[in-house]
Every structure is written in C-alpha cells, then in structure tokens.
J.: 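First, the structure itself, so that you have it in front of you.
When reading the values below, keep in mind they use all heavy atoms of this one structure, side chains included, and skip hydrogens, waters and symmetry mates. The chains referred to below are lettered A, B, ... by the order of the sequence lines, with proteins before strands, and numbering in each begins at 1.
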Amino acid sequence: MAHMKLMPSGIYSFEHTSRRLAALEKSAYQVRDDRFIRTLRLGERLIAVELWWMGDGLAVEVSEELSSQQLEELSQRLRRMFSLDVDLSSFYQRLEGDPNLGNLIRERRGLHVVLDASLYECLIRTIISQQLNLSFAGTLIQRLIERAGDTIVHRGETLWVFPTPEQVANLSYEDLQELQFNRRKAEYVIDLSRKVVDGFDLDQLYTLSDDDVVKKLLPIRGIGRWTVECLLLFGMGRTDLLPAADIGVRNALRHVFETTEQPSEEEVRRLGEAWSPWRSYAVFYLWDYLGSTKNSQ
DNA sequence: GGCCAGGCTAGCA
DNA sequence: TGCTAGCATGGC
C-alpha cells in the first residue's frame, strides 16, 4: 500500500475540478463515496489509484507496493493530469473582470483542466467524440475499452484499463462496427493505433510547438484541426488553445452573449484574442458553464 | 419524429 | 481555394 499527498502550486478547487471526473464516469473514473478511482499503466504494471481531496492537497492511495522510482513517476503523471502546477493567478488577474466571461470565471475559481492519462488515450477519445453527443461518445469509448483493454481486480471489483495501441491495432474494422462505430471512425481509430505500433512516437510531440504539433498530425487521416487542438489542450495541457469550431464553445458563447445564433468560427477566434495567453482556460470554463446550464434545464 | 451532436473526408466547382 | 453531402446512431 502506497500513500502520497500532492500539493497544488496555486489556488485550486477540487470541488470544481472533480466535476469533470464525474462526467467521465465509467470510461475513465469510477466514483466510490468521496473517492475517484482511475486505472493506469505504470510501465508494464497495471495499477488502480484512488484519489480524493484532503484539506489542502490531492490524496493518493495505491493498493500495491511501488518502488520509489515508480512512486516518483506516478506523482509526476498525476501532477500533470490534474494541472497541479498550473498557477491561475494571472488568468484571473486578466479575465475575472471581463464584462462577458467575468461572472462565470469567478463562479469557478480554482477550476483546473483535467488531462487524459496519455496522448494516445486522448487522441482515441477525441476521434471517437467527433461530431457525436458526449453521452453516446462515452458509450462508444467504454465499448472499445471493454473490447480491447485489460482488467485488474481492485478491492474485489473488476476494473477496466484503457487499451494499448497494440491491443487496438489487433482489432479489425468489423470488430468496431459491431460496437456501432461507423466504418470511417473504425478505420481512423485502428489505423492510428497501427501507425503508433509501427513507430510513430506520440511522446515526441511534447518537444514541439503548438504549430508544429498541428503540422505533424494534420496529415493523418481522421485528425483535423479541432482534434489536434483538443490533443494540445486535453492531452498536453497547453494553456493557449482555442478550438474555435467546437460546437460546445459556440453554444456556450451564444448563452453568454444571449444571442439567437451561434457565433461563427471566425467570430470565436476574434473574441478569443482577448483571452490570450489563457485561451484554453477560457474555453474550459465555457465548457463547464455549458454543462451547468444543461443540467439546470 | 426531426434535428442536433465537443468533425472529417472526399469530391466537386 | 472553397464549399458541401454523407457519415451512423443516440439523445432530447
């Protein structure tokens, strides 16, 4: 049994941030009482991590012995996944007084982006989510995990672990069509996985600028501009991304500005200039705001 | 029952 | 270079 407590670098609200974990329930996080359970691959090892907020930091419990090196690796991954080192004070300084976004930003003080566990997982999730409502996308992701992934037993309960590129590469297009993927989406997901197995190194993207990541990924079939922007935002935690074509962002802005029409992609980009260099966070707060308006209707 | 969903590709002008 | 039909199915 291993314990850790990870402290945030600046103002941090787990109450706000954990809403995204609950939204990802089943396909990424299990919710048990006040704890969130996430399965991870640590090198070759499969582990289940329990997470909860304890006073002023993120408490972590792993139900296995880990070497000090593995603990250090886990600590770094969780710090990145939960954006614990992202200090939002300059974001608030810049935008808390914004006439349009100020209210919803103040209401969410301390909300941080939660990243996916790996760039591969993020890309697969994002591709599956293209043009589908989030609920159905979550169903498809869960079906993929249960078709291709591994399981581990944690506290007597069987939990799924997101599949590796190898595991997905071994599927056929028909396998995914049976799970109600359309043919093209089945091809995108499997072909990308085979490309990674054949040596396309996603982690090398960490060394590149935002623009160079776009150039590197855009030629891949199934990956458009929106998908790369989501990878930069939810996979890599880059803080100044604006997926301006995103229907959720446009809907949220329609609410904020109380207009009947959604703003166009170009209008969103123009509006977003005022949010730089924190466009990712403006977008993330808008998504969270949109979720709250949907739940209250 | 019809329109929309955290888009993308291929084909056409 | 720019535009758009088609994708496939669930949610509301």
J.: Measuring from the side chain of A:L132 (C-beta onward, heavy atoms only), which nucleotide among B:dT9, B:dG6, C:dA8 has the closest atom?
T.: C:dA8
J.: When the P atoms of C:dA8 and B:dA10 are compared, how many Å lie between them, rounded to an integer?
T.: 13 Å
J.: Provide the distance between the two C1' atoms, one in C:dC7 and one in B:dC3, to the nearest whole Å.
T.: 16 Å
J.: Between atom CG in A:L218 and atom C1' in B:dT9, what is the gap in whole Å?
T.: 12 Å
J.: How do A:D246 and A:G222 order along DNA chain B: which one's closest nucleotide is nearer the 5' end?
T.: A:D246
J.: I'd like to check A:R155 versus A:S63 (side-chain heavy atoms, cut-off strictly below 4.5 Å). Are they in contact?
T.: no
J.: Does the side chain of A:W160 pick up a donor-acceptor pair with the side chain of A:D150 at under 3.5 Å?
T.: no
J.: What is the separation between atom CD on A:Q262 and atom P on B:dG7, rounded to the nearest whole Å?
T.: 10 Å
J.: Contact class for A:T227 (heavy atom, under 4.0 Å): base, sugar-phosphate, or nothing?
T.: sugar-phosphate
J.: Base, sugar-phosphate alone, or nothing: which one does A:L134 contact when heavy atoms must sit under 4.0 Å apart?
T.: base
J.: How would you label the contact of A:R20 with the nucleic acid (heavy atoms, under 4.0 Å): base, sugar-phosphate, or nothing?
T.: base
J.: So, is A:S129 close to the B:dG7 phosphate, meaning a side-chain N or O under 4.0 Å from OP1 or OP2?
T.: no
J.: Can you see whether A:Y29 has A:R35 sitting over its ring - NZ or CZ less than 6.0 Å from the centre and within 45° of the normal?
T.: no
J.: Take the protein atom OH of A:Y188 and the nucleotide atom P of C:dA8, then report the distance between them rounded to whole Å.
T.: 9 Å
J.: Do A:F91 and A:Y285 have ring centroids that are under 6.0 Å from one another?
T.: yes
J.: Atom CG of A:D191 and atom P of B:dT9: how far apart are they, to the nearest Å?
T.: 12 Å
J.: Taking B:dG6 as the reference, what is the distance to C:dC3 when you measure between their P atoms (whole Å, please)?
T.: 25 Å
J.: Mapping A:R184 and A:F136 to their closest nucleotides on DNA chain C, which lands nearer the 5' end?
T.: A:R184
J.: Quick one: does NZ or CZ of A:R194 land under 6.0 Å from the six-membered ring centre of A:Y173, within 45 degrees of the ring axis?
T.: yes
J.: Rounded to the Å, how far apart are A:R225 CZ and B:dC8 C1'?
T.: 15 Å
J.: With DNA chain C as reference, determine whether A:Q131 or A:S135 sits nearer its 5' end, using the nearest nucleotide of each.
T.: A:Q131
J.: Would you mind pulling out the nucleotide paired to C:dA8, Watson-Crick or G-U wobble, both distances under 3.5 Å?
T.: none
J.: At 4.0 Å (heavy atoms only), tell me whether A:L140 reaches a base, stays on the sugar-phosphate, or touches nothing.
T.: nothing
J.: What's the CD-C1' distance between A:E187 and C:dA8, to the nearest Å?
T.: 14 Å
J.: Report yes or no: is there a donor-acceptor pair, N or O only, under 3.5 Å between the side chain of A:N133 and the base of C:dG11?
T.: no
J.: Hey, would you say the A:Y12 and A:H112 ring centroids sit under 6.0 Å apart?
T.: yes
J.: Using whole Å, report how far CH2 of A:W287 lies from P of B:dA5.
T.: 15 Å
J.: So, does A:Q180 get its side chain near the phosphate of C:dG10, meaning an N or O under 4.0 Å from OP1 or OP2?
T.: yes
J.: I need the CZ-C1' distance between A:R125 and B:dG6, as an integer number of Å.
T.: 14 Å
J.: Is there a side-chain polar atom (N or O) of A:N182 under 4.0 Å from OP1 or OP2 of C:dC7?
T.: no
J.: Is a donor from one side chain sitting under 3.5 angstrom from an acceptor on the other, for A:S89 and A:R94?
T.: no
J.: Would you say the base of B:dG7 and the side-chain of A:R250 have a donor-acceptor pair closer than 3.5 Å?
T.: no
J.: Categorize A:L233 for me: base, sugar-phosphate, or nothing, with a 4.0 angstrom heavy-atom threshold over every strand shown.
T.: nothing
J.: Does the side chain of A:N251 get closer than 4.0 angstrom to OP1 or OP2 of B:dC4 through an N or O atom?
T.: no
J.: Does A:F234 reach a base, just sugar-phosphate, or nothing at all? Heavy atoms under 4.0 Å.
T.: base
